[in-house]
Amino acid sequence: MIERLIADLPVFGIPFLRGTILYTPGRMAVAEAAEPGCTAIPRAILEEASAAVERWQALAQSPFRPVCLTLNLTSRCSLKCGYCFARNAGRGSQAEDLALPAIRAAARLVAGFCAAANKPFQIVFSGGGEPAEAWTILQAAIEETRALAQAQGLEWRSYLATNGSLPEARLRWLARNIGKIGLSCDGPPDIHNLQRPGTNSHPSLPQVERAAAIIREEGGNFSVRATIAPLSSPRQAEIVRWLHQRLGAREIRFEPVYCAPAGSGFRPEDAGRFVSSFLAAQRVTRELGAGLSLSGVRLDEFHGPHCNVLKDVLQLRPDGTATNCFLAANADTPQAAIRTIGSFDPATGEYRLDHGKIAELRRQAAALPPRCLSCLNVYHCARSCPDTCLVDSPGSAEPDFRCRVARSLAVAWLLEAGGRRRGKAPGASVRSLPVPLWARRGFTWDGAEAWRRIAGYLRQAPGDRPMSVYVHVPFCRSRCGFCDCYAEAAGNQSSPGIGRFEADLLSEIDAWSAAGALGAAPVTTVHFGGGTPNCLPGALGAAVARIRNSLAIAPETEWALESTTSLLSHGHLQWLRELGFTRLHVGIQTLEDDVRRSIGRRESAEASVLRLADALQMGFIVSVDLIYGLPGQKAAGWLATLDTLAGLGIDGVSLYSLQTTARNRNFLARLAAPVDSEERFALFQAACQSLSARGYRKNHFAHFAASRDANLYYRHALRGENLLALGPSADGCMGPFLYRQAQLAGGFPALAGALEMTGPQARARAAEAELMANAISWELFESLGVSSLLCEWQAMGLLEPDAAGLRLSTTGSWEIGGMLDALSGRVMG
Ligand code: SF4
Ligand code: SF4
Ligand code: SF4
């Protein structure tokens with residue numbers, strides 16, 4: 001959440017990964033602190049903030065001294081764009097063209113101000129009518145104002161907006177005589193020709209392509225302006241690529257369509273997707289070495305709405321009068337706030353300004369609408385101009401489309417800049433992993449009460465909600481020293497501990513299946529994890545049989561098992577097949593033999609690979625767990641591991657960073673120096689790239705899957721399923737309850753406790769599930785009012801666009817814990 005840190009100064013704090021961006025217009029700093037409010041504010045920021053307040057006051061009060069002359073020469077046009085704000089453009093009407101005497105007088109006035117301020121003389125030939133339709137006047141205005149500037153020792157700067165539909169000779173002349181030509185082009189043919197047809201409905205794009213080619217040939221300078229409408233909004237990256245490839249555009253400005261007829265413009269709720277698409281386009285533009293901007297919010301400039309009076313621009317309409325509004329292409333443009341602020345006096349040959357009216361308009365345009373007072377864009381935002389004019393009203397208190405876009409983009413840009421400023425790879429931080437809600441918020445009830453409540457809930461709940469089942473078996477033949485899982489050495493298979501575990505597990509299955517209609521709930525997957533569940537064949541077989549008898553297992557129910565390869569002999573695999581298992585999740589860790597030996601893996605890499613191959617051959621879906629960051633691990637060995645597994649046709653790969661906990665600390669301390677965090681990130685990144693390049697898709701934040709691997713258990717929350725967790729220390733979910741099983745304690749009920757989710761917690765959990773399963777939908781984030789987070793994460797490089805929408809980047813997978821925290825903070829407050 002953005003926070004204004006000082007009541008009377010525009011100083012803002014924006015949470016940024018594990019730090020804060022401190023921002024005031026014109027300056028930012030990155031503080032590595034957790035809470036914006038706790039961060040000391042550098043003096044430079046405070047000074048800049050005071051200066052910003054003073055600058056804005058000066059802008060509102062300073063006298064009008066125009067140093068730019070903008071001319072709407074004519075309202076005639078060769079096109080009839082559907083969104084044109086100049087209502088009679090394109091009609092080829094008898095509408096008058098701007099007369100030269102008025103231009104000369106206005107130019108003299110502006111040149112005087114330029115000379116006094118020692119500034120270049122700027123002339124702009126604006127759209128809202130095609131300037132080149134008034135060709136004679138255009139040429140004369142160019143030549144005369146250039147001569148005028150020269151005579152006064154002023155630099156002459158010029159800009160001309162054009163639709164490009166001009167005869168070749170005129171284009172060549174303009175390319176040689178205008179400083180910068182702004183070509184209007186909306187992108188590929190299906191967009192451009194639809195939005196910008198000619199007056200007799202002919203496609204106008206060929207003319208624009210030809211114009212760009214001619215300007216380039218003449219060595220002229222041009223930029224491209226593209227109007228983005230709701231239909232073309234999702235295609236902004238494609239538009240940029242097209243403009244760059246086909247026109248050679250290097251400087252592009254996008255404008256969301258304005259003053260659109262009712263029902264055809266953007267709605268406030270479109271802002272998030274517009275921004276996301278814009279950020280994707282901006283990324284493409286950077287890759288192409290070009291630039292993309294939006295006029296509504298320019299962080300590097302102090303600006304308000306587009307009023308001429310605020311910008312020291314003298315804009316003349318075709319009838320010779322001057323206007324305060326950039327939209328006033330002709331006298332009958334239907335903008336209530338278009339006021340005449342000057343006119344040409346033929347008697348004296350002078351151009352006269354109404355300074356009283358101008359001062360009042362300037363004050364109105366610079367007034368800060370209440371909703372902007374606490375916004376970080378307060379001094380660089382066009383606000384809702386021109387859709388809603390700021391001169392007559394402060395606008396609605398509710399943020400409209402333009403406001404939402406400006407706010408979201410500004411934050412995104414600052415976060416992007418923060419990432420660059422910080423100058424550290426994300427891997428410099430320790431990986432941020434998800435933390436269960438019960439660990440963050442604590443249990444509401446202890447185990448006994450938790451069971452009573454959940455059982456009560458299940459008595460009322462319908463029995464048709466699908467569920468996944470997870471069974472935790474906390475035993476291995478012997479514990480691997482590097483492992484941080486909750487598992488004990490099985491040792492003597494007949495030990496009373498194992499017998500008690502088996503009996504308890506069967507009682508749990510009986511109790512849960514008899515709770516309400518749970519026994520009738522369709523089961524999607526039964527996943528045995530651990531530990532090594534198949535190191536206790538008796539308990540495993542008994543649990544499988546009891547689950548089959550007690551729960552609604554269907555032929556399509558998936559049976560999945562976590563195992564090590566050392567148990568997966570051919571005979572054992574056949575036995576697993578007979579039990580019904582179809583998916584294996586195998587702990588491989590790495591295929592680097594020296595590293596395997598050092599962490600206590602008994603089998604050689606070669607033997608493990610043979611067993612995986614056998615399992616695949618038998619038709620199992622085989623997924624592997626790999627660990628990066630193991631002592632002594634090398635990038636080459638790590639990548640070779642991935643190559644071998646992918647070459648084998650493995651179905652899925654889960655990537656885990658070595659965790660050091662009380663369970664493995666002593667063991668790891670005896671090994672080679674640990675791999676540092678930055679190097680781990682590099683290993684993770686390399687693995688993500690390697691697997692993506694081989695066609696694996698991330699279907700959980702650190703799991704890469706080939707087409708057969710649906711990774712059902714890890715994605716149960718995405719499907720809105722209950723999760724029946726059985727066995728010590730397992731985490732489950734029943735309706736609104738999140739519960740945890742106790743560790744090996746004996747007896748039943750064996751719950752450690754439960755939390756009943758509030759409405760916001762349940763909603764946040766749904767979005768968390770999408771994020772973790774890398775299946776983000778705008779709709780859900782929008783319905784929760786947190787779609788701006790998606791833009792922010794995109795700007796930070798945590799999400800990246802793909803054909804299906806936004807997906808977790810490698811950095812996003814690395815920082816997933818922080819993202820989940822931010823999400824739940826935003827949804828739950
Ligand atoms: S080219 Fe410009 S002035 Fe002409 S119709 Fe299109 S938007 Fe209007
Ligand atoms: S219009 Fe919106 S984004 Fe712009 S300054 Fe006001 S509140 Fe901020
Ligand atoms: S605020 Fe009003 S007068 Fe000023 S440019 Fe915008 S629409 Fe025109």
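Nothing here was measured: the structure is a model prediction, and the numbers come from that model.
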For the residue pair [X] and [Y], categorise the inter-ring angle as parallel (less than 30°), tilted (30 to 60°) or perpendicular (more than 60°).
X      : Y      : result
Trp814 : Phe684 : tilted
Trp512 : Tyr739 : parallel
Trp793 : Phe781 : perpendicular

Any chance you could measure [X], atom [atom1], to [Y], atom [atom2], to the nearest 0.5 Å?
X      : Y      : atom1 : atom2 : result
Ser598 : Leu630 : OG    : CG    : 7.5 Å
Arg500 : Ser507 : CZ    : OG    : 12.5 Å
Leu591 : Leu626 : CG    : CG    : 7.5 Å
Arg765 : Leu738 : CZ    : CG    : 5.0 Å
Thr565 : His572 : OG1   : NE2   : 11.5 Å
Gln589 : Gln633 : CD    : CD    : 10.5 Å

Under 3.5 Å, is there a donor-acceptor pair between the [X] and [Y] side chains?
X      : Y      : result
His703 : Asn774 : no
Glu800 : Gln794 : no
Ser777 : Glu770 : yes
Tyr714 : His716 : no
Arg440 : Ser824 : yes
Asn534 : Trp575 : no
Glu606 : Ser604 : no
Glu558 : Thr524 : no
His700 : Asn711 : no
Gln741 : Glu508 : yes
Thr810 : Gln685 : no

- [ ] Go through the steps to decide whether Leu799 and Leu790 satisfy the test side-chain contact (heavy atoms from CB on, under 4.5 Å), and finish with yes or no.
- [x] CA-CA 7 Å; Leu799 297 181; Leu790 297 179; 3.7 Å; yes
TODO: Using a cut-off of 6.0 Å, state whether more than 12 heavy atoms not belonging to Gln574 lie near its atom CD.
DONE: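 Atom CD in Gln574 is crowded, with more than 12 foreign heavy atoms closer than 6.0 Å.
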TODO: Taking atom CZ of Arg602 as the centre, report whether more than 12 heavy atoms of other residues, nucleotides or ligands fall under 6.0 Å from it.
DONE: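 Counting neighbours around CZ of Arg602, 12 or fewer heavy atoms of other residues, nucleotides or ligands fall under 6.0 Å, so no.
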TODO: Run the numbers on Tyr628 and Tyr656 for ring-ring contact (aromatic ring centres under 6.0 Å, His included), then give the verdict.
DONE: CA-CA 6 Å; Tyr628 55 92; Tyr656 294 98; 8.7 Å; no
Open item on the list: Please report whether the ring centroid of Phe581 lies less than 6.0 Å from that of His527.
Closed with: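 Centroid distance His527-Phe581: not below 6.0 Å, so no.
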If every non-hydrogen atom of [X] is compared with every non-hydrogen atom of [Y], which pair is closest and at what distance?
X      : Y      : value
Asp802 : Arg807 : OD2-CG, 3.0 Å
Ala515 : Trp451 : CB-CH2, 4.3 Å
Glu562 : Pro533 : O-CD, 3.1 Å

Residue pair [X] / [Y], side-chain heavy-atom distance below 4.5 Å:
X      : Y      : value
Leu642 : Leu691 : yes
Arg740 : Leu751 : no
Trp445 : Arg453 : yes
Ile650 : Ser623 : no
Arg577 : Leu573 : no
Val471 : Leu724 : no

Open item on the list: Within 45 degrees of the ring normal and closer than 6.0 Å to the centroid, is that where the cationic atom of Arg697 sits relative to Phe704?
Closed with: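 No, Arg697 does not sit over the ring of Phe704.
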Between [Y] and [X], is the closest basic N to carboxylate O distance under 4.0 Å?
X      : Y      : value
Glu792 : Arg826 : yes
Arg601 : Asp593 : no
Arg694 : Asp643 : yes

Task: Full working for salt bridge (charged side-chain N to carboxylate O under 4.0 Å, His left out) between Asp709 and Arg583 - done: CA-CA 9 Å; Asp709 179 16; Arg583 182 174 197 267; 2.6 Å; yes
- [ ] Apply the test side-chain contact (heavy atoms from CB on, under 4.5 Å) to residues His472 and Leu726: give CA-CA distance (whole Å), side-chain angles for both, the deciding distance (0.1 Å), then the verdict.
- [x] CA-CA 6 Å; His472 190 79; Leu726 304 163; over 6 Å; no
TODO: Report the C-alpha distance between Arg596 and Ser608 in whole Å, list the side-chain angles of each, state the deciding distance to 0.1 Å, and finish with yes or no for side-chain hydrogen bond (donor to acceptor under 3.5 Å, both in side chains).
DONE: CA-CA 11 Å; Arg596 288 174 67 82; Ser608 293; 3.0 Å; yes
Task: Worked check of side-chain hydrogen bond (donor to acceptor under 3.5 Å, both in side chains) between Glu815 and Ser432 - done: CA-CA 5 Å; Glu815 295 285 353; Ser432 169; 4.6 Å; no
- [ ] Check step by step if salt bridge (charged side-chain N to carboxylate O under 4.0 Å, His left out) holds for Arg452 and Glu449.
- [x] CA-CA 5 Å; Arg452 205 180 66 73; Glu449 181 61 13; 2.9 Å; yes
